[in-house]
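Notes follow the structure.
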Amino acid sequence: MLVQMMPVVLLKKLEEEEEEDYDEEEAIMWYLCVFYHRLLDYRKPEVESLAELFRAFGEIENGDEFCCQNRSLQWRLPLHHHPDSPFHFVDLPSENVARNIANRSILVKGMYELWGEGSSYEELKDSISKYPDDRKLPYLDSNSTFKITIDSFGKVFSLQEQKELIQGLSYIPFKGQVKLKNPDHNFWLLETDNYGVNNGLPPVVQKRIFFGREIGGADRKLIPTYQLKSRTYLGPTAMDAEMAFLMANQALATPGKLIYDPFVGTGSILIAAAHFGAMTMGADIDIRVVRDGRGPDCNVWSNFKQYGLPMPVGLLRADNNLPPWRPGLKEVFDAIICDPPYGVRAGGRKSGGRKLLKGVVEPYTVPDDKRTDHIPSTGAYSLVECVHDLLDLAARMIVPGGRLVFFYPVLREDEFSETHFPEHPCFRLISTSEQILSSRYSRVLLTMVKIGPYTEEIAEAARIKHIEFRENHLKWLEDGNLHSAVFSPVDAHLTLSAFFTSFYLLLQSQSSLNPIVNILVKNFKIL
Amino acid sequence: MRLLTHNMLSSNIKGVTNGFPLRIEAEKVVEKTVEMNPDFLKKMFDKIQWKAFVDGSRAMGFTELPEEVDSSVLESDEFLSRFHHALLELHLEEGALVCPETGRRFPVNKGIPNMLLHEDEV
């Protein structure tokens with residue numbers, strides 16, 4: 001059963017009374033944060049990221065970019081609520097910060113200044129009465145307009161019940177005029193039922209009622225506006241609009257920042273970053289994706305034009321395995337956002353063909369007269385190598401304190417073992433959000449913050465690893481071990497574990513090999 | 001392709017030690033208006049290889065950048081607007097980027113440079 005929400009509004013007219021001035025209090029306080037009941041794992045990380053973006057933790061001191069990212073918000077749950085509950089309390093430094101976070105978010109249905117709560121309407125009344133008048137009266141004065149909305153989670157109120165509930169609030173001295181459209185102040189009465197079992201949630205043991213003043217909420221109109229089905233140019237792996245916006249929020253996209261997607265495809269992730277004002281840059285190995293599209297007004301550029309967004313400042317055809325960045329270039333991107341081609345949906349490709357990698361043939365020398373239109377062959381690009389290249393690129397090219405946001409595939413059969421995510425000395429993993437794709441696969445959105453400089457030692461280790469990968473490709477192919485890695489998991493463990501133990505950024509334990517092997521299966525089928 | 005991108009790229013053909021800067025062969029240059037963001041320009045100024053940038057802008061037909069600069073120029077609005085124009089508004093639509101060491105041409109079509117290497121170059 002889906003959650004049923006029924007807002008209703010009732011007019012209320014009250015006599016005039018003298019007004020009071022109101023100074024916005026900047027003290028830290030708890031705000032009621034109500035989420036949409038979807039993508040549960042993505043909810044708190046989004047709010048945490050936006051808190052960083054809107055400086056909820058104060059300004060970054062000069063030269064302190066590496067140290068400032070070790071901060072998170074305080075959360076607490078309402079009495080007897082399960083962590084999956086849409087109702088949370090979050091500690092934020094000011095109403096402005098709370099408003100900015102809520103309005104920019106995708107998953108916050110509403111952020112409220114809580115005036116009272118209780119397990120019964122008597123308790124709610126007591127609680128609201130005890131809430132200080134100097135917090136309430138400024139929003140009740142006769143020169144303002146207001147609206148009260150009833151919202152419920154896990155139950156439905158009839159119109160008559162809603163009227164009665166609103167009339168039941170008459171102990172609050174509302175003096176303003178009721179206005180249904182764009183009132184000055186929005187008040188909400190939110191109720192969860194005793195029996196929340198049917199929402200797909202474990203039961204919320206106790207009924208809870210909240211009353212508060214709305215501070216802000218997500219602009220969900222964004223999602224229909226940017227939905228994929230109305231987009232001119234689409235590829236098989238285009239990121240859906242909601243997820244692209246969540247990724248752009250994790251990346252702290254904002255005007256004046258430069259954000260890069262090394263697997264840009266049809267540009268679906270960068271579109272979200274551009275919507276938030278960031279400069280964008282993208283690359284892809286497949287020229288059909290980045291350039292040709294399906295005609296003059298159906299390509300990556302036209303996708304940005306369709307929404308009136310600034311075009312990417314750069315698009316190029318390049319191989320993330322052999323990136324064409326000039327020597328010495330570093331720390332130019334504020335963030336890298338991507339959905340790497342792991343082979344779950346679209347196999348990754350890199351330069352060099354199958355026979356070339358096998359060593360069966362010498363490199364094909366392209367005749368001079370054919371060079372212009374020559375299409376170089378590509379070989380399969382494994383998960384580990386792809387992640388290695390991405391982390392190395394990110395470590396070098398992201399600014400201190402900048403973010404790397406990317407999807408990582410996980411095999412769900414492995415639910416009893418702990419999932420190990422990629423690691424890199426330059427990065428700290430700050431959030432992991434899982435989205436289940438099928439009974440077998442899920443993908444996890446990883447957000448990493450750059451906490452250390454890209455030193456010469458790290459660069460050298462990455463260079464050696466890059467060469468090892470090349471050698472291993474040849475070796476695996478020659479021994480036929482890629483095949484056994486695919487079809488006989490025992491051998492695969494032996495072959496692969498020797499390889500992985502030396503691999504500094506991935507997965508130390510045996511248990512973590514299972515998902516990798518299975519991803520490899522997908523990848524090497526094409527070989 | 002903007003000069004911002006040009007300034008970041010080099011020829012990464014196997015064996016090439018001096019792949020930067022790529023020489024611009026301009027067949028068609030278009031101008032596209034981009035909203036100016038002074039903070040972005042100041043950040044990018046530190047990352048830009050100035051000589052390659054000036055040479056690139058000349059190859060694209062823009063000659064109003066000073067040969068040498070230090071960070072004091074960032075105080076000048078006039079400089080910022082020229083820098084902005086050269087960095088982000090000049091757009092190489094058709095042409096090529098040429099490896100300074102080998103002469104290999106990386107084609108630029110519909111504004112997108114193709115930096116992918118051939119089999120015998122990796």
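To find a chain, count down the sequence lines: A is the first, B the second, and so on, and within it residues start at 1.
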Distance-minimising heavy-atom pair for [X] and [Y]:
X: B:Met8; Y: A:Phe333; answer: CE-CZ, 3.5 Å
X: B:Pro113; Y: A:Leu315; answer: CD-O, 3.2 Å
X: B:Met44; Y: A:Val332; answer: CE-O, 3.6 Å

Task: Polar side-chain atom of B:Lys43 near backbone of A:Gly256 as donor-acceptor pair, under 3.5 Å - done: yes
Open item on the list: Between B:Asn12 (side chain only) and A:Leu322 (backbone N and O only), is there a donor and an acceptor less than 3.5 Å apart?
Closed with: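 Yes, B:Asn12 side chain to A:Leu322 backbone: donor-acceptor pair under 3.5 Å.
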Task: Close side-chain approach of A:Pro324 and B:Ser10, heavy atoms under 4.5 Å - done: no
Task: B:Leu116 side chain reached by A:Ile285 side chain, heavy atoms, under 4.5 Å - done: yes
Open item on the list: Only heavy atoms, only distances under 4.5 angstrom. Which residues in residues 48-60 of chain B are near chain A?
Closed with: B:Ile48, B:Gln49
Open item on the list: Applying a heavy-atom distance below 4.5 Å, give me the residues of residues 79-97 of chain B that approach chain A, sorted by number.
Closed with: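 Near chain A, by residue number: B:Leu88, B:His91.
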- [ ] Considering only heavy atoms and a distance below 4.5 Å, find which of A:Leu329, A:Val313, A:Leu258 pairs most often with chain B.
- [x] A:Val313
Task: Contacting region of A:Pro310 [heavy-atom separation from chain B under 4.5 Å] - done: neither
TODO: Assess whether atom CD of B:Glu35 is packed by more than 12 heavy atoms of other residues, nucleotides or ligands within 6.0 Å.
DONE: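 No, the 6.0 Å shell around CD holds no more than 12 heavy atoms from other groups.
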Open item on the list: If you count heavy atoms of other groups shown closer than 6.0 angstrom to CD of A:Glu460, is the number above 12?
Closed with: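 Counting neighbours around CD of A:Glu460, more than 12 heavy atoms of other residues, nucleotides or ligands fall under 6.0 Å, so yes.
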Task: Any side-chain donor near an acceptor of the partner, B:Asn7 and A:Arg326, under 3.5 Å - done: yes
Open item on the list: I need the A:Leu316 CG to B:Phe106 CZ distance, nearest 0.5 Å.
Closed with: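 Answer rounded to 0.5 Å: 11.5 Å.
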Open item on the list: Just verifying a value: how many Å separate B:Asn109 CG and A:Arg317 CZ, rounded to the nearest 0.5 Å?
Closed with: 11.0 Å
Open item on the list: Whether B:Lys32 engages the ring of A:Trp301 as a cation-pi pair (distance to the six-membered ring centre under 6.0 angstrom, angle to the ring normal within 45°) should be assessed.
Closed with: yes
